[in-house]
Amino acid sequence: MINLEPPKKAGALINQAYQAASQVLRPISRKYDRAEHEYPKELDMFAAVLDGLNSSGEGGAGAAGVRRSEDDGKKKSGNRNGGNLSTVLGTIEMCWGDVALLLSMPRQGLGNAAIASVANEEQLARFGKLWAAMAITEPDCGSDSAAITTTAVEDGDSYVLNGEKIFVTSGQRADAVVVWATLDKSAGRAAIKSFVVEKGTPGFEVVRLEHKLGIRASDTAVLRFDNCRVPKENLLGSPEVDTKKGFAGVMQTFDNTRPLVAAMAVGLARAALEETARILSEAGVVVDYDKPANTQHAAAAAYLELEADYEAAYLLTLESAWMADNRKPNSLQASMAKAKAGRSVVDITLKCVELAGAFGYTEESLLEKWARDSKILDIFEGTQQIQQLIVARRILGKTSAELK
């Protein structure tokens, strides 16, 4: 079994994230699972800590983006373990504590990743300190982001947004939302752009909060934009509709956020495996790494299979983050990591509940909660099926029009 050592310079970050997860997130995990939509006030202090880690340039444990400058390609050769890998490693530890509570961290939303990754310097100065959600999905547009119907019409020095967004993580609590909208429906996916819309903007309304299977501590909102006027300066990226680069520029955000979602899945899977190992040990089941699985207790053999699945997801996640740090195109690896980790965490948590028997099905353990939380990690930021489609396109060299 391959077991990679994390970079030494990430040791302090990993330890800090683990301490926060074990001392704060894990103890209040059940409390906020039961108190859906109640804001976890205990997170305010840790959000400030993450702000400091992110501002240092080495990443924290939230959904921070890592900026790419024109000088990146001029960096001397050699391996670089930078902000993307550090953020992934921190996220794994924090989600070992609780996924929903990490998603509830102020200023660590997926919109923050978009702003940090693609905003210009002036926009970064204006929006860098805000808590930003990401609004992509619509009632008639799920996995196919190119089918977005929310419109942005140029009007003087502003854009006027109209449309509805659903399943927006932190949609109510965040200070702003990065909204995907089209400048011209007839131009297809090239006209999809993202806009920063701050709370309080006339025409921007939070319609309702959703009740969910899992990640209940994280608020998930429906948003409506009715003639919502946004300054032109709030458009992220170029306003030009370029059929070659337009949509790709917006989609670049996913190359940063998909490894983060994979990391969330890896952290949650590790939590379930560790708890299951403890339960099996107390039951007298010995997991022996020096013997073939088929010669051991059936529960031990099943556990070894789950652990191997976890390791594969872990390594793919680290690879996708490392590639981003070293300025290598990682769209394929990001989708591979997200697909593998998203599917594995569902399989692992459900099997762990099964291995624990009736105890795993009760609220005496967090196993049943982790099984509920895991499913969203296989859905948001692109479903399992969409990730497999992206991987197939990349490997076969097909366009989205050629392989649907």
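Note that the structure is predicted; figures quoted are calculated from it, not measured.
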- Message: For V266 and V345: C-alpha separation, side-chain torsions, deciding distance, then whether side-chain contact (heavy atoms from CB on, under 4.5 Å) applies.
- Response: CA-CA 7 Å; V266 168; V345 70; over 6 Å; no
- Item | Heavy-atom closest pair, residues L102 and C95 | CD2-SG, 3.4 Å
- Query: How close do M264 and V99 get, heavy atom to heavy atom, and via which atoms?
  - Reply: O-CG2, 4.1 Å
- Do you know the tightest heavy-atom contact between A299 and L280? CB-CD2, 4.0 Å
- Atom of K165, atom of E138 and distance for their closest heavy-atom approach: NZ-OE2, 2.9 Å
- Could you grab the distance from atom CG of D98 to atom CH2 of W370, nearest 0.5 Å is fine? 9.0 Å
- Query: NZ of K232: more than 12 outside heavy atoms within 6.0 angstrom?
  - Reply: yes
- Tested for side-chain contact (heavy atoms from CB on, under 4.5 Å) against F225, the lone hit among N162, V179, V230 is V179
- List the steps, then state whether side-chain contact (heavy atoms from CB on, under 4.5 Å) holds for D140 with T149. CA-CA 8 Å; D140 296 318; T149 60; 6.0 Å; no
- Task: Heavy atoms only: give me the nearest A265-L377 pair and the separation to one decimal.
- Result: CA-CD1, 3.6 Å
- Query: Are any non-hydrogen side-chain atoms of S104 and R173 less than 4.5 angstrom apart?
  - Reply: yes
- Between CG on residue D255 and NZ on residue K338, distance to nearest 0.5 Å: 14.0 Å
- Item | Main-chain N/O of G82 paired with S86 side-chain donor or acceptor, under 3.5 Å | yes
- Message: Is it true that, when you exclude E305 itself, more than 12 heavy atoms of the residues, nucleotides or ligands shown sit nearer than 6.0 Å to its CD?
- Response: no
- Is there a donor-acceptor pair closer than 3.5 Å between any side-chain N or O of N112 and the backbone N or O of G109? yes
- Note on the structure: Here the gap from N326 atom CG to K328 atom NZ, rounded to the nearest 0.5 Å, amounts to 6.0 Å
- What do the steps show when you test R224 against E205 for salt bridge (charged side-chain N to carboxylate O under 4.0 Å, His left out), and what is the final call? CA-CA 5 Å; R224 182 176 296 139; E205 176 189 6; 3.8 Å; yes
- Query: Hey, is E363 close enough to R34 for a salt bridge, meaning N to O under 4.0 Å?
  - Reply: yes
- Task: Determine, stepwise, if the pair D373 / K369 fulfils salt bridge (charged side-chain N to carboxylate O under 4.0 Å, His left out).
- Result: CA-CA 6 Å; D373 288 346; K369 176 187 180 301; 2.4 Å; yes
- Message: Just so I know, are the side chains of N234 and V197 near enough to count as touching, which here means a heavy-atom distance under 4.5 Å?
- Response: no
- Test item: side-chain donor near acceptor, Q296 and Y303, under 3.5 Å: no
- Would you say R327's side chain and A324's backbone share a donor-acceptor pair under 3.5 angstrom? yes
- Message: Quick check for you: to the nearest 0.5 Å, what is the distance between T201 atom OG1 and L161 atom CG?
- Response: 10.0 Å
- Which distance, rounded to the nearest 0.5 Å, do you find between the OH of Y361 and the CD of E364? 14.5 Å
- Query: So, does Q123 use its side chain to make a donor-acceptor pair with the main chain of I115 at under 3.5 Å?
  - Reply: no
- Task: Please test K340 against D309 for salt bridge (charged side-chain N to carboxylate O under 4.0 Å, His left out), starting from the C-alpha separation and ending with a verdict.
- Result: CA-CA 9 Å; K340 176 62 178 178; D309 207 19; 2.4 Å; yes
- Message: With side-chain contact (heavy atoms from CB on, under 4.5 Å) as the criterion, how do V391 and L332 come out once you've worked through the C-alpha distance, each side chain's angles and the decisive distance to 0.1 Å?
- Response: CA-CA 6 Å; V391 170; L332 170 62; 3.9 Å; yes
- Message: What I want to find out is whether R278 reaches E282 closely enough, with some N-O distance under 4.0 Å, to be called a salt bridge.
- Response: yes
- Query: Under the 3.5 angstrom rule, does the side chain of N330 hit a backbone N or O of M323 as a donor-acceptor pair?
  - Reply: no
- Is the shortest heavy-atom distance from the side chain of Y159 to the side chain of P239 under 4.5 Å? yes
- Message: So which atom in R107 and which in K129 form the shortest heavy-atom distance, rounded to 0.1 Å?
- Response: CD-O, 3.2 Å
- Message: Quick one: does any side-chain atom of S29 pair with a main-chain N or O of L25 as donor and acceptor, under 3.5 Å?
- Response: no
- Message: Rounded at 0.5 Å granularity, tell me how far CG in L103 sits from CG in L110.
- Response: 7.0 Å
- Task: With the side chain counted from C-beta on, respond yes when V286 and H297 share a heavy-atom pair under 4.5 Å apart, and no when they do not.
- Result: no
- Message: Does either side chain, that of S335 or that of R394, offer a donor lying less than 3.5 Å from an acceptor on the other one?
- Response: no
- Going by heavy atoms in the side chains, are H37 and Q172 under 4.5 Å from each other? no
- Query: Is the ring centre of F380 less than 6.0 Å from the ring centre of F167?
  - Reply: no
- Non-hydrogen side-chain atoms of V196 and R126 separated by less than 4.5 Å: no
- Please tell me if the side chains of V88 and L260 come closer than 4.5 Å, counting only heavy atoms from C-beta onward. yes
- Query: Under 3.5 Å, side chain of D226 to main-chain N/O of G203, donor-acceptor pair present?
  - Reply: no
- Determine yes or no for a side-chain-to-main-chain donor-acceptor pair under 3.5 angstrom, with K193 supplying the side chain and G237 the backbone. no
- Query: Can you check whether Q387 reaches R343 side chain to side chain, under 4.5 Å on heavy atoms?
  - Reply: no
- Is it the case that E274 and W96 place a side-chain donor and acceptor less than 3.5 Å from each other? yes
- Query: Any donor-acceptor pair under 3.5 Å linking the side chain of R258 with the backbone of E381?
  - Reply: yes
- Item | CA sep, side-chain torsions, deciding dist, call: L355, V285, side-chain contact (heavy atoms from CB on, under 4.5 Å) | CA-CA 11 Å; L355 289 173; V285 176; over 6 Å; no
